[in-house]
Each structure stands twice: as structure tokens, then as C-alpha cells.
Amino acid sequence: MRVLLLGAGGKVGAALGPRLAESGHEVTPVGRDDDWDPSGHDAAVDFTRPDAARANVERCLAAGLATVVGTTGLTADDLASIDSLARDRGVVCFAAPNFAIGAVLMMRLSALAAEHMPRAEIIELHHETKVDAPSGTAKATAKRLPGEVPIHSVRLPGLVAHQEVLFGGEGQLLTIRHDTFSREAFVPGVLLALERLPTLDPGLTVGLDALLD
Ligand code: NAP
């Protein structure tokens, strides 16, 4: 595929670009101040910033380009607008708060644990330059659990992306934890999303879960 990679110079983009190329994709890298043109591509991938992603994605969709969104921190309004535009144009858009397969399993296992131990809290820990808090993964996990689940956000140097879901019961604690040690963790999920784009319905599909079954 000819892939427009928005945010190619960022921490995720820099890990993703070479791996997309190794997998046979032809990559057009785009940085913040670059002029870019969606035409001549088969898909776009956006790993930029919450305040840039909506405009980027809507520009791609308006041009008829199927788009994979990795950027987190988009508002419900942003996502509704993206969904509506994608449906109007008959174009596929796929977004996931976490492209690491292990994180998706963490969310699934947490939903299972909550059936038996409903009192839960989430601790999410990320590198100090992450712009949004709580993380998209923490919010997505909380949505799958009963009640209002408190989320605690930690931002420290040395961290990449980590999350613990703690389930408390009488005299016991169950902890489900996922650690991302490098941005390579997100590559297989993005490759899977690109491969599955042609099989998705027009509009916005959210979550890697939707592609795993
Ligand atoms: P980052 O290192 O800050 O990279 C973002 C890149 O986007 C920077 O190179 C930035 O350029 C560039 N950029 C900013 N505005 C742009 C624009 N309008 N058009 C094109 N490029 C633009 O951040 P990151 O750690 O790579 O993360 C990027 C996003 O992905 C964040 O929202 C993060 O939360 C999310 N993320 C998602 C997942 C997932 O699995 N879904 C995993 C990790 C991260 P400048 O440096 O010049 O501003």
C-alpha cells in the first residue's frame, strides 16, 4: 500500500515508518510543518497530537483516503465528526487507543475479572511527554468495567506505556498489568489495521478488539 504517515518524526512514527517499509508498504513521511497531499495514496496513518489529528484525519477522509488513527486524546465530538464524515464519503476509518495486542488482552481479561471482582481501580503510567491524561487505554478499559472506575495517571521519565488494573476483594488483590517497553509493540497492530481496512464498513471503527476475532 502507498501509506501517508502523519507524525513520521515522532516517537511512534519513527519506529513505525521503517517497519511499514520492511513489510512492503511505500511510505510518505509527513512532519508538522510539511506540505502534504492525500492524493496518490491508498491509506493514511496518524500518530500526531490530539490538537492536530482531527484536521489531519478529516482532510484524508474528505479526499477519500482510508485512515488509521493512533493518536489518542481526541474528544467524543472529534470522533463523532470523523465518523459522520467517513460515512458521508463512504470511506473507512479505524482508530484504536492501543495498538499493542497485549494491552487489548489486558482489557479483555479485566472485563472477565470484573464479573467476579467488581471493585476496581486503574493506574496508568506513561512517559512525561504524553499530552493527554488519563490515557485512551485507561478510559477504554474503564468503559468495559462496571460502575465509575477511578483512574490514576502517572507521568515520569523512563516510562513508555504501562497500566495496572487492580481488583480488590475481601482479603485479596488481583492485579492485571501490561507493560510496553518500546514502540515496536504498536507495529503489528497497525499492520493488522492496514490489512483489514478493505474489510471494514464505511465510518469509524474503534478498537483493535474488532479486528482480532
Ligand atoms: P510525539 O513523539 O510527540 O510525536 C508526534 C509527532 O507528530 C511529532 O513528530 C510532531 O512534530 C508531529 N506532528 C504534530 N503535529 C502534526 C501535524 N499537524 N501533522 C503532522 N505531524 C504532526 O508523540 P508519540 O509518542 O509518537 O505519540 C503520538 C500520538 O500517538 C499521541 O497522541 C500518543 O498518545 C499516541 N499513541 C497511541 C498509541 C496507540 O497504540 N494508539 C501508542 C502510542 C502513542 P513536532 O515534534 O514537530 O511537533
Side-chain angles (χ1 to χ4, degrees), residues 3-20 27-38 41 43-63 65 67-75 78-79 82 93-108 124-141 143 151 153-163 178-194 196-197 204-212:
V3 178
L4 189 67
L5 179 56
L6 299 151
K11 289 184 284 298
V12 175
L16 196 53
R19 295 288 303 277
L20 290 177
V27 180
T28 306
V30 178
R32 181 154 52 114
D33 298 323
D34 294 344
D35 285 332
W36 54 279
D37 182 358
H41 297 90
V45 175
D46 185 291
F47 276 89
T48 58
R49 295 173 52 94
D51 54 7
R54 176 171 166 175
N56 283 348
V57 172
E58 291 193 338
R59 188 170 163 201
C60 292
L61 295 174
L65 195 59
T67 302
V68 174
V69 188
T71 305
T72 58
L74 292 170
T75 64
D78 291 333
L79 295 173
I82 285 169
C93 187
F94 177 81
N98 203 317
F99 278 93
I101 309 287
V104 176
L105 294 175
M106 169 187 65
M107 289 188 251
R108 279 191 184 184
E124 58 96 344
L125 312 92
H126 283 83
H127 56 92
E128 61 185 336
T129 58
K130 183 170 175 62
V131 185
D132 54 316
S135 71
T137 303
K139 288 194 277 188
T141 309
K143 252 192 201 166
I151 303 175
S153 298
V154 178
R155 297 288 175 269
L156 282 173
L159 297 172
V160 179
H162 317 261
Q163 179 169 298
H178 179 257
D179 294 283
T180 304
F181 299 115
S182 82
R183 274 88 189 173
E184 301 294 314
F186 306 119
V187 173
V190 175
L191 287 171
L192 178 68
L194 284 171
R196 295 289 177 84
L197 282 176
L204 177 65
T205 301
V206 177
L208 208 53
D209 239 4
L211 308 184
L212 292 180

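Scope of the values below: all heavy atoms of this structure, side chains included, with no hydrogens, waters or symmetry mates. For ligands, and for the atoms within them, numbers begin at 1 and follow the listed sequence.
In this model, a donor atom of one side chain and an acceptor atom of the other lie less than 3.5 Å apart for Thr28 and His41. In summary, the side chains of Ser153 and Glu124 do present a donor paired with an acceptor at a separation below 3.5 Å, with no hydrogens or angles considered.
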May I have a table of the N/O to N/O pairs between ligand 1 and the protein that fall below 3.5 Å, each row giving the two atom names and the distance to 0.1 Å?
residue  : atom   : partner : partner atom : Å
ligand 1 : 2 (O)  : Lys11   : N            : 2.9
ligand 1 : 2 (O)  : Lys11   : NZ           : 2.9
ligand 1 : 9 (O)  : Gly10   : N            : 3.1
ligand 1 : 19 (N) : Asn56   : ND2          : 3.4
ligand 1 : 26 (O) : Lys11   : N            : 3.1
ligand 1 : 26 (O) : Val12   : N            : 2.8
ligand 1 : 32 (O) : Thr72   : N            : 3.1
ligand 1 : 34 (O) : Thr72   : OG1          : 2.7
ligand 1 : 34 (O) : Lys130  : NZ           : 3.0
ligand 1 : 40 (O) : Phe99   : N            : 2.7
ligand 1 : 41 (N) : Gly70   : O            : 3.0
ligand 1 : 41 (N) : Ala96   : O            : 2.9
ligand 1 : 41 (N) : Pro97   : O            : 3.2
ligand 1 : 47 (O) : Arg32   : NE           : 3.1
ligand 1 : 47 (O) : Arg32   : NH2          : 3.3
ligand 1 : 48 (O) : Arg32   : NE           : 2.7
ligand 1 : 48 (O) : Arg32   : NH2          : 3.4

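For the side chain to side chain donor-acceptor pair (under 3.5 Å) test, no residue two or more places apart in sequence or in another chain qualifies with His178.
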Could you pull out all donor-acceptor pairs under 3.5 Å where a side-chain atom in residues 6-18 meets a protein atom, sequence neighbours excluded?
residue : atom : partner : partner atom : Å
Lys11   : NZ   : Thr129  : OG1          : 3.2

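Here salt bridge (charged side-chain N to carboxylate O under 4.0 Å, His left out) pairs that include residues 181-193, with residues two or more places apart or in two chains, are Arg19-Glu184.
Shown are Leu194, Leu208, Leu192, Val69; of these, the side chain to side chain contact (heavy atoms under 4.5 Å, CB included) with Phe94 is made only by Leu208.
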